[in-house]
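Below you'll find the structure, written out as structure tokens, and then a few comments.
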Amino acid sequence: MTIRVLLADDQALLRGTFRLLIDSAADMEVVAEAATGREAVALARSHRPDLVLMDIRMPDLDGLAATKLISADRNLADLKILVLTTFENDEYVAEALRAGAGGFLGKGVNPDELLDAIRLVAAGDALLSPAATKALISRFLAQPVSPRPDAAPRLATLTPREQEVVALVATGLSNEEIAARLYITPVTAKTHANRAMTKLGARDRAQLVVIAYQCGLASPGPL
């Protein structure tokens, strides 16, 4: 199955570079390009891509605002968003996840890593495993706050095992790492995570992480 990608970046040279790279992969293609966040939203609605490769800093409407609009559109519920950023702007990472992004990368990423990231996020997994990313989650998503008022009823829908899996997903562990920790198979770990996403109304694993911290199921770890 071909992954259909929408490129959203205000720099034409970068879009051209990304297009050449993505179109060179046998399992993906670029279906449209946007130079502004508002164009990205409009093209997402008209082309219905599988994934948007979204820059944060764009004119007219920035990538975070565009991500929020796309994530809020029920007709685009299956669309995944991979945000491009730099680790120097850590605060953008937390905002991107809260807005509904499925992952984020620095623009200095190498070509193979970018293609692998597109595949990962398009499949519904969160790009949250590198050590630097874990630190960002701990710093910006796991700040001590009171659990949401609706936390208890939301968590009550999960089985004890699902709660365990969600808590581990929130630390950035992959299905394989969760399986090793809980002595289950990776397929079983993924099944528990998927069921938890359905019960909690999370569109992907990245949003599942946000909900885990909001509900107090996950807590800050040491940086």
Side-chain angles (χ1 to χ4, degrees), residues 3 6 37 40-41 44-45 48-52 54 63-83 92-104 117-129 133-134 136-138 140-175 178-179 182 184 186-220:
I3 301 171
L6 165 62
V41 175
R45 288 170 175 164
R48 302 289 182 89
D50 299 304
L51 179 140
V52 179
M54 182 83 75
L64 294 178
T67 295
K68 289 179 182 178
L69 288 174
I70 291 172
S71 298
D73 192 329
R74 293 184 179 180
N75 293 323
L76 300 176
D78 294 330
L79 190 156
K80 309 301 181 184
I81 300 174
L82 175 58
V83 170
Y92 290 150
V93 173
E95 289 303 315
L97 292 177
R98 292 190 184 104
F104 50 86
I118 290 173
R119 296 183 182 104
L120 186 70
V121 174
D125 291 324
L127 193 63
L128 300 172
S129 57
T133 303
K134 291 179 184 177
L136 294 172
I137 295 170
S138 184
F140 291 102
L141 290 181
Q143 295 175 8
V145 294
S146 298
R148 291 170 41 145
D150 62 346
R154 295 187 84 181
L155 294 181
T157 65
L158 304 182
T159 66
R161 178 62 90 185
E162 287 167 354
Q163 290 191 27
E164 282 184 292
V165 170
V166 172
L168 292 174
V169 168
T171 68
L173 295 184
S174 66
N175 291 327
I178 293 172
L182 299 180
I184 57 179
V187 172
T188 300
K190 184 173 183 178
T191 298
H192 285 309
N194 288 344
R195 286 175 179 168
M197 282 190 285
T198 299
K199 291 179 179 180
L200 296 175
R203 56 186 286 146
D204 53 33
R205 286 171 76 104
Q207 194 171 30
L208 189 62
V209 170
V210 176
I211 293 173
Y213 284 113
Q214 289 176 333
C215 291
L217 190 58
S219 59

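- For Asn194, there are no side-chain hydrogen bond (donor to acceptor under 3.5 Å, both in side chains) partners, not counting sequence neighbours.
- Between Arg48 and Leu76 there is a side-chain heavy-atom pair separated by less than 4.5 Å.
- The shortest distance between side-chain heavy atoms of Ile184 and Arg161 falls below 4.5 Å.
- In Asp78, the CG atom is not crowded: 12 or fewer heavy atoms of neighbouring residues, nucleotides or ligands sit closer than 6.0 Å.
- Asn75 has its side chain out of reach of Arg45: every pair of non-hydrogen atoms, C-beta onward, lies at least 4.5 Å apart.
- The heavy-atom pair separating Lys199 from Leu158 by the smallest distance is CD-CD2, 3.9 Å.
- Results of the side-chain contact (heavy atoms from CB on, under 4.5 Å) test with Leu6 over Ile81, Leu51, Val52 single out Val52 as the only residue that passes.
- Within the 4.5 Å cutoff, side-chain heavy atoms of Met54 are placed close to those of Ile70.
- Atom-to-atom distance recorded for Leu200:CG and Leu155:CG is 7.0 Å, nearest 0.5 angstrom.
- Considering every non-hydrogen atom in both Leu217 and Ala167, the closest pair reads O-CB, 4.0 Å.
- Of all the heavy atoms in Ala44 and Leu79, the pair that sits closest is CB-CD1, 4.0 Å.
- When all heavy atoms of Lys80 and Val121 are compared, the closest pair comes out as CG-O, 3.3 Å.
- Checked by atom type and distance alone, the side chain of Thr67 never pairs as donor or acceptor with a backbone atom of Gly100 at under 3.5 Å.
- The nearest pair of heavy atoms linking Leu208 to Ala193 is CD2-O, 4.1 Å.
- Test Thr159, Thr191, Leu182 against Val165 for side-chain contact (heavy atoms from CB on, under 4.5 Å) and you get one pass: Leu182.
- Summarising the geometry of Val166 relative to Ala196, their closest heavy-atom pair is CG2-CB, 3.4 Å, with the distance given to 0.1 Å.
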